[in-house]
Amino acid sequence: MADNINDWLNEHGDYLYRFALARLRDPHQAEDAVQETMLAAIKGNSFEGCSSARTWLTGILKHKIIDLQRKQIREQPVSDLVDLDNSNTSMDDFFDSTGHWLDKPQALEMPDNALEQKQFLAVLDECLGRLPQKLKAIFMLRDVQELDNENICKELEITATNAWVMLYRARMGLRKCLELNWI
Amino acid sequence: MHPEYHAILEAPERYMSQQYFPEMGETNPFLHLSLHLSVIEQVSINQPIGISQVYATLCEKHADKHAAQHDLLECLAETIWHSQRNNVPLDSAHYLNLLNQRIGKA
């Protein structure tokens with residue numbers, strides 16, 4: 001078993017860390033998630049060889065990531081309100097009093113070379129970081145991890161209609177931030 | 001319908017500009033009831049075609065019109081989100097497909 005763990009760490013540690021980092025956007029949390037995955041793998045010892053070790057470990061890691069995101073959400077409700085009060089994601093900024101767009105949404109120019117892509121991802125990362133935690137979490141769960149809505153509602157303990165509203169607000173918040181910082 | 005919103009509806013000038021935080025478990029009563037009105041209207045004219053039958057089946061399944069409407073409005077909310085996300089007009093075929101999934105037809 002010990003050999004297995006060392007092999008898994010050597011072979012899959014970097015992959016698992018990158019997988020976690022892409023979803024959690026926090027190096028410390030990503031390390032925690034990988035560590036907890038390894039601990040769960042040792043403790044459970046349920047690898048049956050039906051899939052590859054990487055697939056099995058990634059499956060465990062996905063659950064650890066969701067646990068961490070759920071914990072984040074429960075611990076930071078007040079800061080979310082502060083962010084919204086600062087109108088970082090206020091919907092009023094987009095529309096006039098009749099509900100029409102103040103400014104027509106601009107098309108995002110997608111980066112076409114490696115340097116621009118790197119810069120774009122840095123801006124996107126920054127914008128994601130500026131979203132209220134719960135909006136960021138639901139955006140990551142739906143648009144990055146592509147979890148279905150039923151599971152998202154269970155994980156975040158929200159109603160289905162509120163989930164769609166939150167996804168809308170997350171998207172609008174990101175759009176606003178990208179328009180200010182990228183276009 | 002939704003007696004918990006009645007006080008708010010009776011004083012709209014006081015509540016219209018209030019912010020609601022779905023991430024805190026709050027529901028915007030104006031949005032929620034407008035979704036109810038939308039699906040009631042759709043059922044009354046059977047648009048998209050087939051929604052009336054889906055609604056009747058759901059009413060039978062839940063033995064509760066309100067719960068059946070909630071099933072419909074969740075599909076409608078997803079269809080609106082789908083339209084916004086993909087920058088396309090409302091897709092009635094997609095909507096109908098979601099509705100049919102609710103009754104195990106799709």
Side-chain angles (χ1 to χ4, degrees), chain A residues 69-70 72-74 76-94 97 99 101 104-108 131-139 141-143 146 148-150 152-153 156-175, chain B residues 1-2 4-5 12-13 15-40 58 62 66-91 94-95 97-99 101-104 106:
Chain A
Q69 287 174 327
R70 191 161 46 186
Q72 266 183 342
I73 285 162
R74 285 181 179 149
Q76 298 191 354
V78 176
S79 64
D80 287 0
L81 289 178
V82 171
D83 282 345
L84 285 169
D85 283 346
N86 287 339
S87 79
N88 282 337
T89 55
S90 168
M91 298 301 109
D92 293 341
D93 294 350
F94 296 108
S97 58
W101 288 101
K104 191 180 170 188
Q106 299 176 56
L108 282 178
L131 282 180
Q133 280 295 332
K134 288 179 184 174
L135 298 190
K136 176 185 167 187
I138 196 168
F139 181 84
L141 288 171
R142 177 76 200 195
D143 281 303
E146 298 183 336
D148 65 46
N149 208 46
E150 194 179 341
I152 289 174
C153 291
L156 301 185
E157 297 173 351
I158 53 176
T159 64
T161 46
N162 274 359
W164 299 119
V165 174
M166 287 168 68
L167 279 165
Y168 171 73
R169 290 189 179 190
R171 191 172 177 76
M172 293 290 274
L174 272 182
R175 192 178 76 79
Chain B
M1 186 186 293
H2 285 295
E4 70 272 28
Y5 298 151
E13 68 290 343
Y15 292 101
M16 275 295 273
S17 58
Q18 183 172 320
Q19 284 219 45
Y20 297 91
F21 299 100
E23 55 272 40
M24 302 294 289
E26 293 179 347
T27 296
N28 182 332
F30 300 100
L31 172 64
H32 189 76
L33 290 175
S34 68
L35 287 169
H36 269 289
L37 291 175
S38 299
V39 296
I40 290 168
L58 288 170
H62 293 297
H66 189 90
Q69 284 172 23
H70 268 230
D71 273 2
L72 299 188
L73 65 84
E74 283 175 15
C75 296
L76 177 59
E78 179 166 353
T79 306
I80 294 169
W81 173 80
H82 181 264
S83 167
Q84 289 166 336
R85 184 176 191 268
N86 299 313
N87 200 24
V88 293
L90 279 180
D91 184 346
H94 179 74
Y95 183 28
N97 187 42
L98 293 173
L99 293 171
Q101 284 176 22
R102 294 280 170 156
I103 56 170

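Bear in mind that the values here come from a model prediction, so they are computed numbers and not experimental data.
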- prompt: Would N28(B) and V165(A) count as a side-chain contact (heavy atoms from CB on, under 4.5 Å) if you check the C-alpha gap in whole Å, the side-chain angles of each, and the deciding distance to 0.1 Å?
  reply: CA-CA 10 Å; N28(B) 182 332; V165(A) 174; over 6 Å; no
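- With contacts defined as side-chain heavy-atom distances shorter than 4.5 Å, the pair P22(B)/K134(A) does not qualify.
- Taking CG of L73(B) as the reference point, atom OG1 of T161(A) lies at 6.5 Å (rounded to 0.5 Å).
- Contacts from residues 74-87 of chain B to chain A, taken as heavy-atom pairs separated by less than 4.5 Å, involve E74(B), A77(B), E78(B), W81(B), Q84(B), R85(B) in sequence order.
- Considering CG of N162(A) and NE2 of H32(B), their distance stands at 9.5 Å, rounded to 0.5 Å.
- Other residues, nucleotides and ligands contribute over 12 non-hydrogen atoms within 6.0 Å of the CD atom of E26(B).
- F30(B) is linked by a ring pair (Phe, Tyr, Trp, His ring centres under 6.0 Å) to nothing, counting only residues two or more places apart in sequence or in another chain.
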